[in-house]
Amino acid sequence: MYKYKCAVCKKPINVDVSVVGLQCDKCGSRIFYKERPNITKKIRAR
Ligand SMILES: [Zn+2]
């Protein structure tokens, strides 16, 4: 399961991908951003 964010009100939403017709329960938007679990990766410099 990925974490999504509403594109309008930026509310984080846990999305089950099996759910069809997903809608933000706050603003009713149907546009979501997929949020990566780890945006900051550790990079080992040498
Ligand atoms: Zn929203």
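Order of appearance sets the numbers: ligands from 1, and atoms from 1 within every ligand. Quantities reported herein were computed from a predicted structural model and do not represent experimental measurements.
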Margin query: Tell me whether Lys26 at atom NZ has more than 12 heavy atoms from other residues, nucleotides or ligands lying less than 6.0 Å away.
Written below: no
Next item on the list: List the atom of Ile13, the atom of Cys6, and the distance in Å for their closest heavy-atom pair.
Entry: CD1-CB, 4.4 Å
Notebook entry, point to check: Distance-only, no hydrogens or angles: does the Gln23 side chain make a donor-acceptor pair with backbone N or O of Gly28 under 3.5 Å?
Noted result: yes
Note to self: Please report the interatomic distance OG(Ser29) to NZ(Lys5), rounded to the nearest 0.5 Å.
What the structure shows: 13.5 Å
Check: If you leave out waters, which protein N, O or S atoms are less than 2.8 Å from the Zn ion (ligand 1)?
Finding: Cys6 SG, Cys9 SG, Cys24 SG, Cys27 SG
Check: In terms of hydrophobic clustering (I, L, V, M, F, W, Y; side-chain heavy atoms under 4.5 Å; direct or indirect links), are Leu22 and Tyr4 co-clustered?
Finding: yes
Note to self: For Lys11 versus Asp25, what's the shortest heavy-atom pair and its separation?
What the structure shows: NZ-OD1, 2.7 Å
